[in-house]
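By convention here, the first residue in the shown sequence is residue 1. As the structure lists them, so they are numbered: ligands from 1, and atoms in each ligand from 1.
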Amino acid sequence: MGQVTLRSLRKRYGDHEVIQGIDLEVRDGEFIVFVGPSGCGKSTTLRMIAGLEEIDSGELLIDGVRANEQRPADRGAAMVFQSYALYPHMTVAENMGFALKMAGVRRAERDEQVRRTAEVLRITDLLDRTPRQLSGGQRQRVAIGRAIVRKPKVFLFDEPLSNLDAALRVDMRIELTRLHQQLGTTMIYVTHDQVEAMTMGDRIAVFHQGRIEQVGTPMALYRQPANAFVAGFLGAPRINMVERPPASAAGAARQLWALLGGAGWPGAARLGIRPEHLSVVPAPADAPIDATSAQPPTVPATVVLAEHLGDVSLLHLQVDGVQDLIAAKLPMARVPLRNGDAVRLGVQSPETLAFDAQARALASHSAEAALHP
Ligand SMILES: Nc1ncnc2c1ncn2[C@@H]1O[C@H](COP(=O)(O)OP(=O)(O)OP(=O)(O)O)[C@@H](O)[C@H]1O
Ligand SMILES: [Mg+2]
């Protein structure tokens with residue numbers, strides 16, 4: 001079992017309340033990801049669960065039992081740090097078996113555990129080396145192995161892959177997901193990486209200034225964020241946020257609001273649309289748009305920056321009278337658009353999100369109707 005319950009958890013350092021009442025139920029066997037900007041309290045929360053930080057108020061339950069006062073070793077939680085924190089003078093095997101040795105497990109049993117774990121992590125041939133003789137990725141495996149041999153009820157990972165290069169991160173991401181499927185142990189995983197959050201977690205908890213803004217499956221958070229903060233935190237490039245234009249705004253700004261279905265959101269202060277839901281077509285100056293044709297509506301825009309990534313193109317567009325650039329993510333075009341090109345911006349998929357003046361998401365009642373009158 002490995003159920004973790006946080007009830008109104010709080011923590012302060014001096015006058016700074018860094019954790020301001022966190023409630024969360026992590027189910028047994030679940031892989032939950034903590035994301036949020038730097039300093040929002042992810043590591044502190046993890047350390048309170050591990051017993052490395054005292055809990056000021058609120059309750060931590062592990063499998064239904066209050067754990068606030070339990071010693072770290074008695075909580076059944078094993079933490080893997082970004083820095084690996086291996087003992088430099090011990091071999092890989094000794095590093096991995098150390099916690100068992102401390103717990104008084106007999107030599108033969110220890111060796112057997114280490115051997116089996118090394119097989120799972122494919123580091124059997126490294127067991128006699130010291131950490132100095134390992135690559136970053138290998139060290140990370142050893143750090144994970146050291147946590148696994150303890151057979152914890154819950155794994156706590158604090159950005160374990162952030163010191164690895166991009167290719168190795170992808171490999172380790174897949175390994176860790178496999179490991180979770182194999183072990184079925186509860187995992188709480190802190191990351192800054194979008195892709196890790198979206199792909200690894202059964203659920204994601206989005207932290208912000210010592211609170212949790214929203215918890216849910218990756219797709220639920222992506223498609224139905226509770227507020228503008230969550231909407232902006234998941235997705236790269238970020239979701240486009242378009243402010244309601246004042247009555248005096250330029251024509252294109254008002255057209256954009258209409259294009260995004262603004263008429264269906266009388267209470268909206270701003271609308272959000274993800275870059276992949278936009279469409280862009282070239283609009284040569286000598287080809288005037290026929291206003292009477294049955295073409296879907298579009299808005300004139302200018303390419304400020306075109307980034308061609310091979311598989312997709314990211315276009316950063318200026319719409320007259322709209323303050324922020326609009327990002328569009330499109331399949332790579334055969335004839336790529338260039339900086340300065342005139343284009344027409346359209347909506348490819350009607351998935352506009354609307355937010356009120358307090359940045360809370362509005363329920364999607366009439367939006368469909370507004371886009372397809
Ligand atoms: N020992 C400490 N003493 C005082 N303040 C601390 C201490 N540890 C953390 N803090 C503060 O608590 C807040 C939360 O820190 P925490 O390390 O939990 O953030 P985080 O979400 O893990 O950020 P990052 O993504 O940068 O790792 C920060 O403002 C940090 O400066
Ligand atoms: Mg941290």
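The nearest heavy-atom contact from the protein to atom 1 (N) of ligand 1 is Y13 CE2, 3.6 Å. Protein heavy atom in closest approach to atom 26 (O) of ligand 1: S38 OG, 2.5 Å. For atom 29 (O) of ligand 1, the closest non-hydrogen atom of the protein is H16 CE1, 3.5 Å. For atom 27 (O) of ligand 1, the nearest protein heavy atom (residue, atom name, distance) is E159 OE2, 3.7 Å.
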**Request:** Could you give me the CA-CA distance, side-chain angles and deciding distance for M200 and L176, then say whether side chain to side chain contact (heavy atoms under 4.5 Å, CB included) is met?
**Result:** CA-CA 8 Å; M200 297 175 86; L176 273 175; 3.7 Å; yes
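If you check each of V18, T44, V190, I19 against atom 18 (O) of ligand 1, the one with the closest non-hydrogen atom is T44. Between G14, P37, G39, it is G39 that holds the heavy atom closest to atom 20 (P) of ligand 1.
Distances between N or O atoms of K42 and those of ligand 1 include at least one value under 3.5 Å.
Within a 6.0 Å sphere centred on CG of D193, heavy atoms belonging to other residues, nucleotides or ligands number more than 12. In this structure, R244 places its CZ atom where more than 12 heavy-atom neighbours from other residues, nucleotides or ligands lie under 6.0 Å away. Within a 6.0 Å sphere centred on CG of D125, other residues, nucleotides and ligands contribute more than 12 heavy atoms.
D202 places a side-chain N or O within donor-acceptor distance of the main-chain N or O of F31, the cut-off being under 3.5 Å.
When side chains are defined from C-beta on, L61 does not count as touching V4, because their heavy atoms never get closer than 4.5 Å.
Within the structure, ligand 1 has G41 among the residues with a heavy atom less than 4.0 angstrom away.
At least one N, O or S atom of S43 sits under 2.8 Å from the Mg ion (ligand 2).
Distance screen at 4.0 Å: atom 9 (C) of ligand 1 has a protein heavy-atom neighbour inside the cut-off.
Interface atoms of ligand 1 facing S43, defined by a heavy-atom separation under 4.0 Å, are 17 (O), 18 (O), 20 (P), 22 (O), 27 (O). Of all atoms in ligand 1, numbered sequentially from 1 with element shown, those under 4.0 Å from a heavy atom of H192 are 25 (O).
The six-membered or imidazole ring of Y189 lies away from that of F34, with a centre-to-centre distance of 6.0 Å or more.
Between R10 and the choices E17, E53, E59, the salt bridge (Lys or Arg N to Asp or Glu O under 4.0 Å) rule is met once, by E17.
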